[in-house]
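Encoded as structure tokens, the structure appears first; notes follow it.
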2 protein chains.
Amino acid sequence: MKPKLTLKQIARELDVSVSTVSKALRDKTEISEDTRQKIKAFAKLYNYRPNNIALSLKNRKTRTIGILIPEIVHHFYATVIAGIEKVAHEQGYNVIICVSNNSFDHEVMNLEMLAGGSTDGFIVAVAKETQQRGDYHHLKEVIHQGMPMVLFDRIVEEVECDKVIIDDEEGACMAVKHLLERGCRRIGIITTVDYVSVGKLRTQGYRKALESCGIPVDEQLVLKIEDMDRSEEQIAQFLREQKMDGIFGVNEEFSTSAIRALHKMGVKVPDQVRVVSFSDGSLSARFIPSLTTINQHGAEMGEKAANLLINRLEADPGEEEPYKTQMIHTSLVERESSL
Amino acid sequence: MKPKLTLKQIARELDVSVSTVSKALRDKTEISEDTRQKIKAFAKLYNYRPNNIALSLKNRKTRTIGILIPEIVHHFYATVIAGIEKVAHEQGYNVIICVSNNSFDHEVMNLEMLAGGSTDGFIVAVAKETQQRGDYHHLKEVIHQGMPMVLFDRIVEEVECDKVIIDDEEGACMAVKHLLERGCRRIGIITTVDYVSVGKLRTQGYRKALESCGIPVDEQLVLKIEDMDRSEEQIAQFLREQKMDGIFGVNEEFSTSAIRALHKMGVKVPDQVRVVSFSDGSLSARFIPSLTTINQHGAEMGEKAANLLINRLEADPGEEEPYKTQMIHTSLVERESSL
DNA sequence: TTTCAACACGAAAACGTTTGCAAGCCAGTG
DNA sequence: CACTGGCTTGCAAACGTTTTCGTGTTGAAA
């Protein structure tokens, strides 16, 4: 690993002082036109790049944003990251991504690592395990230490900071209403257990939509999947036991599993059963039949989160605004599965 | 942004020198048991964490790996990243991810940024635009500056460094042979234009498989998609014009588009036409019919790349081994589309 | 009492920057 | 000639660490 070109070396070569070099490269008029040109030419020739680390140390700013997400092999998070990247780069920030793999311990470790000077602030979606055990001291601690944080998607109420969330309830409501408009009367929902915040909200939206149309909620039609690995069979069983004309799946996995099971049963989608899904992926458009979905606008979410964070990072001390929670609205994309 | 606790502050509070604190925390016997305990207790109480930036500057090592990929909203890259993350974290390395969005300029910018001291080395898949224009000076430059780099997936021959590639040709060959075994005789391929290295290799594999079975390649059955946005119609047209009993799609998009088009034409998969796809996603297993695929083992690729890089980073100077190119083998996963 | 080793700690340099300030030089002015 | 002022440039401190090399204080041996 060759040592990189530093100010000191340039200074030695050109027989001037380090400060002169620094000033020349920063185009200070303090340095005579002659010397400045000479130094800049030399720097360009040998391709000088200032050392970010040294700059970070000096400025006590890294211009780096840390992202901490539960999993990366997930289309939704990928889109959020893309959104964050976009505005971060526009504003001259770099991005570090860490993945907790939905483990509490990993989350704590990564957070400590990032807080150790590598980043100026965080954008975080908490791990499932963390939500489950309800221990948020690590989040509170880094905030307490003065690092700005934005929570998104999997947020936690108890932590005070900026937040960006999807209007899950509204989205679910929209989905179910769409099914109602299409004439469905017995609408089932395939959702997650309640400690997953988004699942809970979507279930709420489902209830709300039905109630607002005066249809009582039949608890038989609410399937909560605990174990993702056994979801296929549970869904198949659910579909065999309950007679429905509409299904709302809170994610693509559940919805496609349902359609697959119906397909095996010889039930036609959308002719006999219509399906609407929450979506985070590219699967929906390609599926046969293509899925009517509630789109989540992950990129927009990432952009908002990044903007919130950067605003806070660049706010003058004492000028801090109160914490905000921004809502991302969903939109219904009609496709074949609910025609 | 509260200033974080530093050695200097601990020293002041406890009325000792900075060096004493540093040594105590690092458990040097030089410092008396008493003072050591006192300092460690204090540090623990106030939750002292050494500043990574300062350490990086001092050690001229960041223990950070830079990943540069063309796009993140892509299941394959997500799996590779997951693999890299895994071994990086095991070895105490951090990971920075940058995305070029397939733009040459972005790639150059990001590379310069990362090379500016933020990382010890790179793992890179080059942008499509870069492959197209064949300008690799930026890659060569950072290598020349002494930063180790590992290229993966979208590699470039001209750059001398470690590489990890998928055996695309072998995979394609396997796919086509599978179709032949299933009795297909007129097998079409839907692939990319040749400047995309993986597309080219997969096309070669296709030819090889046919030739090895004594079947001449009919150029009419080779569809090269240039413009992804118009792929749907091109594929539909291709299927209408050519009579085939087997189709090999070099990615999930092409394969599912083909099945969709066949579906519309009333042609049954796999009964009338069998389909095999290269795969990088989770779509295959869920699709109806589920897709027989050539799996790419992205995580394994990431792990290998990370190991290669870390080995080089930790090699003693003068001990460097010659550059290696590691091959990842693909595997055939049989599902419904080729039954 | 002197000398010396062992022990406990501190000073300072280094990593690569930036920047306020001091200082040198030269020309012009009184 | 002595000052002043402008123009250049260098010095040094600072960011938070680690580490080498002192240095001062013991207690014991000579």
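Note on naming: letters A, B, ... go to the chains in the order of the sequence lines (proteins, then strands), and numbering restarts at 1 for each one.
Every side chain to side chain donor-acceptor pair (under 3.5 Å) that A:T130 has, sequence neighbours left out, goes to A:E107. For B:E160, the salt bridge (Lys or Arg N to Asp or Glu O under 4.0 Å) criterion is met by no residue, not counting sequence neighbours.
A nucleotide of DNA chain C counts as in contact with chain A when one of its atoms lies under 4.0 Å from a heavy atom; the first and last such, 5' to 3', are C:dC15 to C:dC21.
Nearer the 5' end of DNA chain C, as judged by each residue's closest nucleotide, is the contact made by B:V21, out of B:V21 and B:A54.
A salt bridge is defined here as a Lys NZ or Arg NE, NH1 or NH2 lying under 4.0 Å from an Asp or Glu carboxylate O, and B:E314 with B:R63 meets this definition. With salt bridges taken as basic N to acidic carboxylate O contacts below 4.0 Å, none links B:R312 and B:E320.
Sorted by residue number, the members of residues 37-50 of chain B with any non-hydrogen atom under 4.0 Å from DNA chain D read B:Y48, B:R49, B:P50. For DNA chain C, the residues of residues 8-19 of chain B within the heavy-atom distance limit of 4.0 Å (strictly under) are B:V16, B:S17, B:S19, sorted by number.
Within the nucleic acid shown, A:T35 comes within 4.0 Å of sugar-phosphate atoms alone, with no base atom in reach, counting heavy atoms only. At a threshold of 4.0 angstrom between heavy atoms, the contacts of B:L7 include nucleobase atoms, whether or not backbone atoms are also involved. At the heavy-atom level, B:K61 lies nowhere under 4.0 Å from the strands shown.
The NZ-P distance, from B:K23 to D:dT18, rounds to 12 Å in whole Å.
Contact of the B:F104 side chain with the B:H138 side chain is registered, since non-hydrogen atoms from C-beta on lie closer than 4.5 Å.
Annotation: the terminal axes of the helix from C:dT1-D:dA30 to C:dG30-D:dC1 meet at 100°, where each axis is the rotation carrying the C1' atoms of four end pairs onto the next four (5 pairs per end, rounded to 10°).
A:R36 contributes a side-chain N or O that, together with a main-chain N or O of A:I31, makes up a donor-acceptor pair within less than 3.5 Å.
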